[in-house]
Structures are given as structure tokens and as C-alpha cells.
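Model, not experiment: these values are computed from the prediction. Numbers here simply count residues along the sequence, with the first being 1.
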Amino acid sequence: MNIMDFNVKKLAADAGTFLSRAVQFTEEKLGQAEKTELDAHLENLLSKAECTKIWTEKIMKQTEVLLQPNPNARIEEFVYEKLDRKAPSRINNPELLGQYMIDAGTEFGPGTAYGNALIKCGETQKRIGTADRELIQTSALNFLTPLRNFIEGDYKTIAKERKLLQNKRLDLDAAKTRLKKAKAAETRASQLNSARLEGDNNMVNFSYMLNFLHVKWLKSEQELRITQSEFDRQAEITRLLLEGISSTHAHHLRCLNDFVEAQMTYYAQCYQYMLDLQKQLGSFPSNYHCNNNQTSVAPVPSASSNVIGSSALTSTSGLVMTSPSNLIDLKECSGSRKARVLYDYDAANSSELSLLADEVITVFSVVGMDSDWLMGERGNQKGRVPITYLELLN
């Protein structure tokens, strides 16, 4: 029973406090009550914290979009994170493109120039996909997680203490208002008492009223001192928390450096992968050719060597595909020539010869052989080689 009475009293006291704050807040908005202003330093700290929170949220969300453009995938990862479960691994876009290229190259035939180029491009795209996955994991751990911890941890604590400070400020201003009203009532009562009204009963009543108002005034002063003390203590707690924002900025700066380093590593890897791919494909900016017997557009002779096929066709793919237009002399005669291998080639069967980039082999024509192939010889090894992988030497 006593516990119930205590709960009822506490509930009534809380309701009274809430009502007092509501009245004070409303009167402040209507301009009918004074408001205690925070000191300039504390206001600046509050503004800095709010600004940090807003921009941290924007940077965090946009970084998530950068690392994972698919909104459905981001929602799925968010759900798994809230459930404290690991999201299932999924193939990313570069890896999917790489797999399509490898499958297409296998279908067209690894022995063909286009098929082999597709396979090599696909393998490179898969390596880029792996690098992209590493970038996402590193960035999430070293950059996104600290930002999210600030929003969901530190700033929530700051917001809680800031709200508590606001309530203490309303209590303080409400106490000031009550004290002001008590003083005004006591002053008015004193003025009426000085009029020396006749009658003992009237004198007794006024004396009682003055004593009552004086007690109320003393009680209001005591309440004001208590609320002022609580407000000052809460302001100090809030100030200490807000001053930690500078440390947060320093920590986020280190995280930003980690993010930039992860991006630098990723783009360096991608550049190296594409540079290696370009070398494998034998890409030359001045000599682009198609191997589908299209009419040449701009023949560009080489000063140091004769590329197999003197005509060139500029292609948007950036691949070098050489056509046998100057092989007529070689096919008509029974002699052989030296040729440099432009990039690696894996033999599709025993009738073909595997090639390594930059090696020099002997090539010669065989009657009845397809126009896109020559017979290659390296030591005791002999087999068919695709002409698009070769460069004739003088």
C-alpha cells in the first residue's frame, strides 16, 4: 500500500513538472515569459555538434551509395546488420561481366582472336571485381563503421543530455516566474496592509495572508536555487560532452585517410590489371585492325617492322586485330620469316602451338591452310599459330 502511495505521488509530481514545463514553453513561444539564454560558448558547441551530425549522415549515406549502387542490396545488408547476421555473399557487377566474357569466349573458341581476347578480358574483370570487394570491406570497416558509431552512439548521448538541459532550463525559468509572481503578490499585500483597515478581524486576516505569501516567497526562492544548481550542473555535463566533438573530428580525419588509401590501392590495382591486359592484347594506338575482313580505313606502316597485315581499322574496343594483307608474298613463296609474338596464346588442341608474349618464332605458310593461320616453329615444336598474335620482323 505504501509503495502504491509512493508511485501515485511520484506520478502526480512528474505530471505537475511536465505541465509546468509545457506552460513555460508555450508562454516563451508567445513572448509572454522570459527565457534563460545559454552562454555563447555552449551555443557554439551545440551548433558544431549539430553540423557534425548532419554532414556525417550525408557523407555516410553517399559513401554507401558509392560502394554499393544497388539500393535493394543496401536494404538487404541493413536488415542483416540489424539482425546481427552476416549477409550472403553475392557476385558483383565486374565479376558477373567477367564471367559472361569468359563464357562467350569459350563459346566462340579460345583459338579465335576474339574468343581469346574475351577470355582474357573476362579474367581481368574478375580480378577487378575481387579488388572492388576488398575496397568495400576495407571502407566499411575503417570509414563507415566509425561514422555510424558516432551517429548511433556519441551523438545520441549528446542529444539525450541536450534534451535534459532543455528541461532543466524550463524548470529554472518556471521557478523564476513563480518567484516573480510571489514577490508581486507579497508587495501588493503589504500595500493593502499599510492602508490600516479598521477592525481586528481584518487586521488578523491580512496578517495571516502576509505570513502565507512570505512563506510562499521563501519557498519559491529555495526552489529557484535548486533549479539553478541543477541547470548549472547539467550545462557543465553537456559542455564536457560537446567538447569531445573536436576529438571526434580528429578520429574521423584518420578514418578519412584510411578511406583515401583504400581507394588509392583499388584504383592502382585496376590500372595495373588493365595495363597488363593491354599488353596481352597487343594494343597499339596507331595500328588498330579487325579480323573480319572489313575494308581498311587508314593504313599505317611501321618504321621498324612490318606488322602482319598492312591495313588498319580503328576500333572502339581498343584491341589490335591484324589482317593478313601483306602475307601474299610469304604464302606464294616457300621461304620462312621470323615473327615476334604480341601476346600469350594457349593452344586449343595438339595441332596448334602455344605462344608466349615477346618470344620470336619462325613462321611459314602451308598450302591449303586457312588464311588466318600460319605454321609456327620453335625449336623442335611445331604447330599452327594465329596470325593476329604475330608481328613480322625485318
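Under the 4.5 Å side-chain criterion, counting only non-hydrogen atoms from C-beta, V363 is not in contact with S336. With contacts defined as side-chain heavy-atom distances shorter than 4.5 Å, the pair E236/R233 does not qualify. The closest side-chain heavy-atom distance from L38 to L46 is below 4.5 Å. Residues Y266 and T138 have side chains not in contact (no heavy-atom distance under 4.5 Å, counting atoms from C-beta outward). Counting only heavy atoms from C-beta outward, the side chains of L281 and K279 never approach each other to under 4.5 Å. Using a 4.5 Å cut-off on side-chain heavy atoms (C-beta onward), I361 and L390 make contact. You'll find the side chain of K126 reaches within 4.5 Å of the side chain of I102, heavy atoms only. Residues E359 and R340 are not in side-chain contact: their nearest non-hydrogen atoms beyond the backbone lie 4.5 Å or more apart.
With values rounded to the nearest 0.5 angstrom, L45 atom CG is found 5.5 Å from L242 atom CG. In this structure, CD1 in I237 is found 13.5 Å from CD1 in I158, a value given to the nearest 0.5 Å. In this structure, M369 CE and I387 CD1 are separated by 11.5 Å, a value rounded to the nearest 0.5 Å.
Between the side chains of D103 and Q99, a donor-acceptor pair is found at a separation under 3.5 Å.
With sequence neighbours excluded, the residues that form a side-chain hydrogen bond (donor to acceptor under 3.5 Å, both in side chains) with R133 are E95.
Contact record, Q269 with A131: OE1-CB, 3.3 Å, taken as the closest heavy-atom pair. Across all their heavy atoms, L118 and A104 have their closest contact at CD1-CB, 3.9 Å. Of all heavy-atom pairs between T112 and G115, the closest is OG1-N, 3.1 Å. Nearest heavy-atom pair, F364 versus E377, reported as atom, atom and distance to 0.1 Å: CE2-CB, 4.3 Å. In this structure, N142 and C255 approach most closely via the heavy-atom pair O-CB, 3.3 Å. Shortest non-hydrogen contact noted between D344 and N116 is O-OD1, 4.1 Å.
Under the 30°/60° scheme for interplanar angles, the aromatic rings of Y345 and W373 are found to stand perpendicular. Between F259 and F143, the ring-plane angle classifies as parallel under the 30° and 60° cut-offs.
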- Task: Show your working on side chain to side chain donor-acceptor pair (under 3.5 Å) between D276 and Q272 and close with a plain yes or no.
- Result: CA-CA 6 Å; D276 294 342; Q272 187 61 47; 3.0 Å; yes

- Go through the steps for S246 and K48 under the test side chain to side chain donor-acceptor pair (under 3.5 Å), then give the verdict. CA-CA 9 Å; S246 297; K48 184 178 180 180; 3.2 Å; yes

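The main-chain N or O of K53 is never found under 3.5 Å from a side-chain atom of T56 such that the two would form a donor-acceptor pair. Between the T63 side chain and the I59 main chain, a donor and an acceptor come within less than 3.5 Å of each other. No donor-acceptor pair under 3.5 Å is formed between the side chain of S354 and the backbone N or O of D346. Without hydrogens or angle criteria, S47 side chain to E43 main chain gives no donor-acceptor distance under 3.5 Å. The main-chain N or O of L393 is found under 3.5 Å from a side-chain atom of R337 such that the two form a donor-acceptor pair.
Linking ILVMFWY residues whenever their side-chain heavy atoms come closer than 4.5 Å, directly or via other members, places L392 and V385 in the same cluster. Residues Y267 and L66 are members of one and the same hydrophobic cluster, defined by side-chain heavy-atom contacts under 4.5 angstrom among Ile, Leu, Val, Met, Phe, Trp and Tyr. Hydrophobic clustering keeps Y100 apart from M274 (ILVMFWY residues linked when any side-chain heavy atoms are closer than 4.5 Å, directly or through intermediates). Linking Ile, Leu, Val, Met, Phe, Trp and Tyr residues whenever their side-chain heavy atoms come within less than 4.5 Å leaves I119 and Y273 in two separate clusters.
Applying side chain to side chain contact (heavy atoms under 4.5 Å, CB included) to Q234 and the options N167, L172, L164, D171 leaves one that passes, L164.
A salt bridge links R239 with E243: the closest approach of a Lys/Arg side-chain nitrogen to an acidic carboxylate oxygen falls below 4.0 angstrom. Salt-bridge annotation for K61 and E57: absent, with no side-chain N of the basic residue lying under 4.0 Å from a carboxylate O of the acidic one. The residues D258 and R254 are annotated as not salt-bridged, no charged nitrogen and carboxylate oxygen being separated by less than 4.0 angstrom.
In E50, the CD atom is crowded: over 12 heavy atoms of neighbouring residues, nucleotides or ligands sit closer than 6.0 Å. More than 12 heavy atoms of other residues, nucleotides or ligands shown are found within 6.0 angstrom of CG on N149.
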